[in-house]
Amino acid sequence: MDGARERILAAATALLTEGGREAVSTRAVSAAAGVQAPTIYRLFGDKQGLLDAVASHGFATYLTGKAALKPTDDPVADLRAGWDLHVGFGLANPALYALVYGEPRPGESPPAALAAAEVLAAQIHRIASAGRLRLPEPRAAFLVHSAGCGTTLTLIAVPEPARDMTVSHLAREAVIAAVTTDAPATPNPGPAGAAVSLRAALPQTAALTPHERGLLGEWLDRIASSPR
């Protein structure tokens with residue numbers, strides 16, 4: 001089976017790019033990769049396992065590029081750059097993007113989507129650590145993710161000559177305004193804003209036991225989620 005996995009992934013990716021998800025049948029992949037169908041099942045379990053592997057393989061370059069973006073002194077600007085990279089990747093790879101985000105599975109996410117979410121969470125955490133996050137980190141990350149995916153899928157559905165990229169820019173700025181504060185951070189952010197900042201810094205303290213940190217984290221999350 002030397003090289004079989006790579007050949008299968010390459011064949012499935014080509015089929016996906018040319019014909020979408022429905023083109024990635026076990027028979028078509030077997031023929032294109034020069035392997036027997038049982039080989040695919042041994043390596044990937046089932047068709048969904050193969051599709052998840054194709055997605056992870058295809059997203060690897062994007063995630064590497066996003067993780068390699070050198071952080072600047074402005075984490076909000078870095079989030080803006082991450083948004084543009086995300087949308088650009090989706091428009092350049094519509095079939096792959098739709099494979100990951102176009103058909104949600106209730107209660108679970110493809111490995112590629114989870115990996116991308118980790119990168120976004122790290123960007124959001126940097127903003128919180130800088131005292132510039134309005135919302136609790138999970139809520140802010142979910143909002144940015146939802147808006148980014150919705151914008152990208154909407155633009156994918158529009159014929160390329162008719163795409164108005166201003167829509168992406170407006171959505172990006174609206175979301176950033178909703179989850180961040182201006183620089184420098186407001187001197188008196190109130191209890192919710194202070195709770196967000198302290199929650200981001202909580203893992204850095206050694207003055208509390210793990211149980212105490214967990215309890216304090218719950219309290220801070222409650223304060224951060226309360227109405228202003």
Which heavy atom of Arg7 sits nearest to which heavy atom of Gly34, and what is that distance? NH2-O, 4.2 Å

Close side-chain approach of Phe59 and Asn93, heavy atoms under 4.5 Å: no

Partner residues of Glu103 under the salt bridge (charged side-chain N to carboxylate O under 4.0 Å, His left out) criterion, sequence neighbours left out: Arg21

Closer than 3.5 angstrom, by distance alone: can the side chain of Asp78 be matched with the main-chain N or O of Thr72 as a donor-acceptor pair? yes

Checking side chain to side chain contact (heavy atoms under 4.5 Å, CB included) for the pair Tyr97/Leu91: CA distance, chi angles, key distance, verdict? CA-CA 8 Å; Tyr97 191 89; Leu91 296 181; over 6 Å; no

Donor-acceptor under 3.5 Å (Ser30 side chain, Thr26 main chain): yes

Can you measure from CG (Leu96) to NE2 (His57) and round to the nearest 0.5 angstrom? 9.5 Å

Nearest heavy atoms of Thr17 and Ala95, plus distance in Å: CA-CB, 4.3 Å

In this structure, are over 12 heavy atoms from other groups packed under 6.0 Å from Gln36 atom CD? no

Tell me whether Asp164 at atom CG has more than 12 heavy atoms from other residues, nucleotides or ligands lying less than 6.0 Å away. yes

What do the steps show when you test Ile176 against Val76 for side chain to side chain contact (heavy atoms under 4.5 Å, CB included), and what is the final call? CA-CA 8 Å; Ile176 287 177; Val76 176; 3.6 Å; yes

Side-chain ion pair, Arg132 and Asp74, N-O less than 4.0 Å: yes

In Å, rounded to the nearest 0.5 Å, how long is the span from CD1 of Ile40 to CG of Asp46? 11.5 Å

Provide the closest heavy-atom pair for Val24 versus Ala12 in the form atom of the first, atom of the second, distance. CG2-O, 3.8 Å

Heavy atoms, side chains only, cut-off 4.5 Å: are His86 and Cys149 in contact? yes

How long is the span from the CD1 atom in Ile127 to the CD atom in Glu137, to the nearest 0.5 Å? 9.5 Å

Leu79 versus Arg126: any side-chain heavy-atom pair under 4.5 Å? no

Under 3.5 Å, is there a donor-acceptor pair between the side chain of Arg134 and the main chain of Ala177? yes

Just so I know, are the side chains of Leu16 and Leu99 near enough to count as touching, which here means a heavy-atom distance under 4.5 Å? yes

Kindly determine whether Ile124 and Val144 satisfy side chain to side chain contact (heavy atoms under 4.5 Å, CB included), including the steps that lead there. CA-CA 9 Å; Ile124 295 296; Val144 174; 4.2 Å; yes

State, to 0.1 Å, how close Ala141 and Leu120 come at their nearest heavy-atom pair, and which atoms those are. O-CD2, 3.4 Å

Student check: side-chain heavy atoms of Val54 and Phe44 closer than 4.5 Å: no

Minimum heavy-atom separation for Thr152 to Gly90, with atom names? CG2-CA, 3.8 Å

Where is the tightest heavy-atom contact between Ser56 and Pro111, given as atom of each residue plus distance? OG-CB, 3.7 Å

Heavy-atom neighbours of Glu160 CD exceed 12 at 6.0 Å: no

Would you indicate whether the side-chain heavy atoms of Trp83 and Val87 approach each other to under 4.5 Å? yes

Say whether Ile156 and Met165 are linked into one hydrophobic cluster, either directly or through other cluster members, by side-chain heavy-atom distances under 4.5 angstrom. yes

Return each pair, listed once, that meets ring pair (Phe, Tyr, Trp, His ring centres under 6.0 Å) where at least one residue sits in residues 134-166; pairs must be two or more places apart or across chains. Tyr101-His145

pair Ile8-Arg5: side-chain heavy atoms closer than 4.5 Å: no

Would a distance-only check, ignoring hydrogens and angles, find a side-chain to backbone donor-acceptor pair under 3.5 Å from Lys47 to Tyr41? no

